[in-house]
Every structure is written in structure tokens, then in C-alpha cells.
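Along the sequence shown, the residues carry numbers beginning at 1.
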Amino acid sequence: MGKSVNQALQHYIEAEILPRYDNFDKAHRRDHVDMVIRQSFQLAEKLDVDADMVYATAAYHDTGLCEGREHHHEASARIVRADQHLRRWFTEAQISVIADAAEDHRASSGHEPRTIYGRIVAEADRCIEPMTIIQRTIQFGLDHYPELDREEHFQRMMSHLHEKYGREGYLKLWFSDSPNAIRLEELRKMMDNTLLLRQIFDKLMGD
């Protein structure tokens with residue numbers, strides 16, 4: 001990065017912004033935002049970007065969950081623009097970039113992030129770990145579609161995996177050499193093997 005994050009900015013975010021994640025759903029609590037911050041800096045190491053903007057974008061990216069999940073990316077952008085404290089460290093133009101990046105981070109947004117900061121946080125927000133993704137997909141189905149039988153749960157899992165993570169899926173990664181890109185290809189190879197996925201499904205579902 002070439003320089004560290006402004007200490008006053010870091011203190012403000014740690015005291016006033018990161019605690020907001022304690023009240024979100026289990027997939028978006030403090031450990032999630034800590035991961036996104038950490039992965040953002042890992043991606044930024046090779047890039048000519050501003051460390052403070054990388055940090056702020058990662059810290060604010062999911063703050064809009066306080067208004068619900070469906071439009072949280074838009075709410076996050078509004079929260080960035082409304083935070084007067086950020087004007088101690090950033091120009092209006094920089095705040096606009098941070099807000100746009102927060103808005104662009106969502107996997108299903110349907111368009112490429114507008115700036116390098118948006119691409120960084122969008123990539124950092126992904127945790128591509130094949131077995132964890134499969135397990136969470138199954139659990140989501142069990143939680144939200146209890147009326148499905150075992151075979152229907154398997155088909156729902158397959159459909160979701162291909163819709164999101166398949167080669168034509170809506171999830172996009174923006175750095176071809178990132179750890180996520182390597183793990184995504186691993187997941188796709190598993191998805192090509194229906195027999196293997198059936199075995200994993202049966203093991204995770206149990207009797």
C-alpha cells in the first residue's frame with residue numbers, strides 16, 4: 001500500500017462503524033467485516049490506491065443492512081454520503097467514490113463496479129470456500145424451504161450453485177489471480193461432477 005491508514009480515521013471507524021455489525025445477521029457480523037477489510041488490503045497491495053479509501057469502503061460496505069438485506073447496498077452508499085465525520089479525512093469527490101464502491105459491491109448487482117475501490121471490495125466480500133458454500137446452500141434450503149423432500153433439496157442446491165457460481169453465473173470476480181478465483185475454479189470442477197456433489201450432499205444431510 002505504501003502507507004498506513006490514518007489513525008484518527010481508524011479510531012473513528014473502530015469506535016462508531018464496526019460495532020454496527022454486531023447487530024446484523026450471523027453471516028454479516030464483526031468477523032465478516034474484519035475479513036473484508038483484511039482481504040481488501042491484500043488485494044490492494046499490488047495496486048496504486050489510497051489506503052484510507054480502501055479501509056473506509058470495506059468498513060462501510062454492509063452498514064446498510066440496518067435497513068434490510070434487499071437494498072442494503074444502496075443504503076450503505078447513503079450512509080457514507082450522510083456521514084459528516086468522513087469529511088475530516090476525505091474530499092467530496094473521494095466520499096462519492098467510496099459511496100459508489102459500497103453500492104457496487106453486491107454480487108447480484110448486474111453491473112461491473114465503477115471504480116477500482118468497488119472492484120476491491122466486491123472481490124474482498126467473497127469468501128469462496130467450496131465445502132462451506134455447499135454446506136450453507138443446503139442449510140439455507142432446509143431453513144427456508146422445509147416443505148421440500150430430500151431430492152428436491154438436492155435439486156435446489158444444484159440450481160443455486162449453478163445460478164450463482166457457475167461459469168455463466170451472476171457472481172463475478174474482478175482479479176483473475178486472487179485466491180478467490182483459484183477456489184472458484186475448484187468449486188466449478190466439483191459442480192461438474194454430479195456424482196461427487198451427490199455424495200457430499202448425502203454426507204452433509206445425514207440420515
Side-chain angles (χ1 to χ4, degrees), residues 21 24-47 54 57-59 61-62 65 69-70 72-73 101-102 104-113 116-207:
Y21 287 80
F24 297 154
D25 65 272
K26 287 190 291 186
H28 296 91
R29 290 187 181 165
R30 190 75 69 97
D31 59 338
H32 172 71
V33 70
D34 287 345
M35 178 201 76
V36 174
I37 291 170
R38 181 176 64 254
Q39 293 192 163
S40 289
F41 279 114
Q42 289 171 352
L43 291 167
E45 282 293 337
K46 301 176 183 179
L47 303 171
V54 171
T57 299
H61 83 284
D62 271 342
L65 285 168
R69 184 169 175 79
E70 182 61 26
H72 78 279
H73 53 303
D104 290 347
H105 84 272
R106 195 172 188 183
S108 57
S109 64
H111 63 83
E112 181 175 348
I116 186 63
Y117 298 97
R119 291 193 288 275
I120 289 171
V121 73
E123 177 95 6
D125 191 40
R126 316 289 177 252
C127 183
I128 309 296
E129 200 295 305
M131 287 301 296
T132 300
I133 287 171
I134 294 169
Q135 186 171 24
R136 287 180 177 174
T137 301
I138 293 171
Q139 190 59 54
F140 183 91
L142 292 171
D143 290 345
H144 291 81
Y145 305 100
E147 73 280 4
L148 299 183
D149 63 25
R150 190 183 182 96
E151 180 60 24
E152 288 170 334
H153 277 295
F154 177 74
Q155 295 300 330
R156 196 210 71 82
M157 178 196 78
M158 292 288 289
S159 177
H160 172 76
L161 290 176
H162 283 280
E163 179 183 8
K164 183 171 183 178
Y165 300 100
R167 292 176 177 83
E168 303 300 325
Y170 66 78
L171 182 136
K172 298 290 185 280
L173 299 178
W174 307 109
F175 298 91
S176 60
D177 59 345
S178 73
N180 273 337
I182 295 169
R183 292 192 292 264
L184 179 59
E185 187 55 33
E186 178 186 345
L187 174 61
R188 287 171 173 169
K189 289 178 180 178
M190 294 170 69
M191 290 161 55
D192 290 337
N193 189 336
T194 303
L195 178 59
L196 174 62
L197 278 185
R198 173 75 72 174
Q199 292 170 341
I200 293 170
F201 175 83
D202 287 341
K203 182 177 181 180
L204 292 173
M205 285 286 286
D207 296 330

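Expressed to the nearest 0.5 Å, how far CZ of R126 lies from CD of E123 amounts to 8.0 Å. One finds the CD atom of Q139 at 13.0 Å from the OG1 atom of T132 (value rounded to the nearest 0.5 Å). For the atom pair CG (L142) and CG (L204), the distance works out to 10.0 Å, reported to the nearest 0.5 Å. In this structure, the separation between CZ on F154 and CD1 on I138 is 9.0 Å, given to the nearest 0.5 Å. Put simply, CZ on R156 and CD on E152 are 11.5 Å apart, with the number rounded to the nearest 0.5 Å. Taking CE from M131 and CG from L187, the interatomic distance works out to 10.5 Å, rounded to the nearest 0.5 Å.
Ion pairing between D202 and R150 holds under the 4.0 Å rule for side-chain N and carboxylate O.
Nearest heavy atoms, R188 versus G166: NH2-O, 3.2 Å. The nearest pair of heavy atoms linking V54 to S40 is CG1-CB, 3.8 Å. Here the closest heavy-atom approach between residue I128 and residue I133 is recorded as CA-CD1, 3.9 Å. Across all their heavy atoms, F175 and R119 have their closest contact at CE1-O, 3.5 Å. Taking both residues in full, the closest heavy atoms of M35 and D125 are given as CE-O, 4.2 Å, listed atom of the first, atom of the second, then distance. In terms of heavy atoms, V121 sits closest to A101 at CG1-O, 3.6 Å.
Using cut-offs of 30° and 60° for the angle between ring planes, the H61 and H32 rings count as tilted.
Checked by atom type and distance alone, the side chain of Y21 pairs as donor or acceptor with a backbone atom of A59 at under 3.5 Å. In this structure, the side chain of S159 does not engage the main chain of Q155 through any donor-acceptor pair within 3.5 Å.
For the pair M191 and H162, the minimum side-chain heavy-atom distance is below 4.5 Å. Looking at heavy atoms from C-beta onward, I120 lies out of side-chain contact with T57 at the 4.5 angstrom threshold. Residues D62 and V36 are not in side-chain contact: their nearest non-hydrogen atoms beyond the backbone lie 4.5 Å or more apart. Q39 places a side-chain heavy atom less than 4.5 Å from the side chain of N180. Using a 4.5 Å heavy-atom cutoff, the side chains of R167 and D192 are in contact.
Within 6.0 Å of CD on E147 lie more than 12 heavy atoms contributed by other residues, nucleotides or ligands.
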**Item:** Worked check of side-chain contact (heavy atoms from CB on, under 4.5 Å) between M190 and L161
**Value:** CA-CA 10 Å; M190 294 170 69; L161 290 176; over 6 Å; no
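Looking at residues two or more places apart in sequence or on another chain, you find a ring pair (Phe, Tyr, Trp, His ring centres under 6.0 Å) between F140 and H144.
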